[in-house]
Amino acid sequence: MEHLLEHIIIGLALGSVYSLVALGFVIIYKATKVVNFAQGELVMVGAYICFAFTVQAGLPFVASFLLTLIFSVILALAIERLALRPLIGEPIISVIMVTIGMSAVLKTLVQLFWGTTKKNFPEVLPDVTVKIGGLPLEIEYIAAFILALLLFVIFSLFFKYSRKGVAMRATAFDQLAAASMGIGIKNIFAMSWCIAAIVSCFGGVIVGVIQDINTDLGHVGLLVFPAVILGGLDSLLGAALGGLFIGVLQKVCEGAAHEYLGLGGFGNVASFLFLVVILMIKPYGLFGTEEIERV
Amino acid sequence: MNAAQQEKILRVENLEVVYNDVVLVLKGLSLAAEKGKITALLGANGAGKSTTLKAISGLLEGEDGEVTEGAVVYKDKAIHNTPPDKIVRSGIFQVMEGRRVFEDLTVEENLKCGAYTRPRSEYAGNLDKVYGYFPRLKERRKQLAGYMSGGEQQMLAIGRAIMASPKLLLLDEPSLGLAPLLVEEIFGIIKRFNEQEAVTILLVEQNARAALTIASQGYIMENGRIVLDGAAEELLGNPDVQEFYLGLSHGGERRSYRDVKHYRRRKRWLG
């Protein structure tokens, strides 16, 4: 396969977006045990808001990116306050259902404001290519990779050592016991949604910078499932590595299927086939916590 | 007992608690805890002991319970209907029934959670204090709490409370599921903590004998109200308490299981 290296490198760049989205996914799961089906839509909203600020309002990219981050945080707080806080104490499945509804609402709102056609970001980074393994690679891909790595390190340290991070993990394990420690459960929930919105927003903007955006971007939330399951639902390291791996797997399988079988769009199929296999042989993922059962 | 000279840090007055808007669990319960002393709250399963503690610590909220009448007064301020994190900040800390340690956190991370509301400057000192009371926790500080034995988990649960430097500690059945020797050890530590730190303790127990041995005051609860109260030694000597809660017959000797159904007395109180 002559383009193998190229597929791998593009896959890593795509994978770093998956890693970011998976990170947001895992953070919400870790703190609240909620599987957030609206994660992809948060990415999409982030991308569109950034598009609105840069292209439609004509702001410089850095300013509009910061504004997008602020907007994402406000959106996350609003979602938490209006849709999720009233559900505290209700079964987790109700909350998960609400996130599914929310994903539809967010997608429709974006279509309402921006239509369904593709949108292009202006060139943000200088048009520089770097040679890796003899392959010319645009600097956007490298930036995406480094950014994902950086965010991963920051959040890992946060969960391991900071008081708030440990409190978030405690809340995930036992809400009532966490409340008895004086941990404000509502704050913890709000905080986890904010963090998830921020990393999603990074993901969305990266996609915008690398390629164009459309409302199908929300599907990234589903494509991230194989990554999260592979890594283990509650492991940040798993999310980061799982994201990269699925990115590569997707690109390589797509390339191979195209080259040898003449099939297009096999990448997504491959990652979900892989998801099934993972669930059969290692249901807690590579780094997920297996339930502790004392006998 | 001269009530006037004792400072009551906590007063529960005619408390009524309803779960799910229908189930009346506490029916006008009143009790008080003296500052710096251990007060025992005894009673059978379902009497409403845990509910009483949760009404004080604000944890009813998460279980659809509600205070519909009466008041919980802590340091002369009504605190029912206050969210639990504010109550912890005001110095009340509940060790919940069944230990409730965070199993996938390490011992030290569990302790960190206990210190959540305290300033960082206190952390190191309080950690040493916990390891002083429970050297076993120090040995296992990097271990996941879920892999520890029941006794160690109970130590951890009490350790978390120590990290919060409470003024009023609510203990819900610390003896639950523990071997008798361990119960003795843990009650000894509770007593020591109470004396060394001058912490007021409200202790809920089924193990009436263990509780009354370290308490100065006791309340006996049935069906959501207090049926008997008094100094601990009075209660230990009370023939009714001996018969129904300590398993002794009238003469004071141990009862045989053979005639456990044949109460020689009727309860001399209204349940």
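Letters A, B, ... are given to chains in the order of the sequence lines, protein chains preceding strands, and every chain is numbered from 1.
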_Taking ring pair (Phe, Tyr, Trp, His ring centres under 6.0 Å) as the criterion, tell me which of Phe272(A), Phe274(A), Phe25(A) meets it with Phe225(A)._
Phe25(A)
*Kindly check if the number of other-residue, nucleotide or ligand heavy atoms within 6.0 Å of CG (Leu82(A)) is above 12?*
yes
*So which of Arg160(B), Arg89(B), Gln94(B), Lys54(B) has the largest heavy-atom pair count under 4.5 angstrom toward chain A?*
Arg160(B)
*Got more than 12 heavy atoms from elsewhere within 6.0 Å of CZ, Arg192(B)?*
yes
*asked:* Please determine whether side-chain contact (heavy atoms from CB on, under 4.5 Å) holds for the pair Arg141(B) and Leu111(B), giving the CA-CA distance in whole Å, both sets of side-chain angles, and the decisive distance to 0.1 Å.
replied: CA-CA 9 Å; Arg141(B) 64 183 191 276; Leu111(B) 294 174; over 6 Å; no
*Tyr116(B), part contacting chain A, at a heavy-atom distance under 4.5 Å*: both
*Counting only heavy atoms closer than 4.5 Å, note whether Val95(B) contacts chain A via side chain, backbone, both or neither.*
neither
*In terms of heavy-atom contacts, does NZ of Lys191(B) have more than 12 from other residues, nucleotides or ligands at under 6.0 Å?*
yes
*Let me know if Glu109(B) has heavy atoms under 4.5 Å from chain A in its side chain, its backbone, both or neither.*
both
*Hey, which of Glu63(B), Arg120(B), Met163(B) has the most heavy atom pairs under 4.5 Å with chain A?*
Arg120(B)
*Top residue by heavy-atom pair count (under 4.5 Å) with chain B, among Asp234(A), Ile185(A), Ile183(A)?*
Ile183(A)
*Residue part contacting chain B, namely of Ala178(A), when any heavy atom lies under 4.5 Å*: both
*Determine whether Asp85(B) and Thr117(B) make a side-chain contact, defined as any pair of heavy atoms from C-beta on separated by less than 4.5 Å.*
no
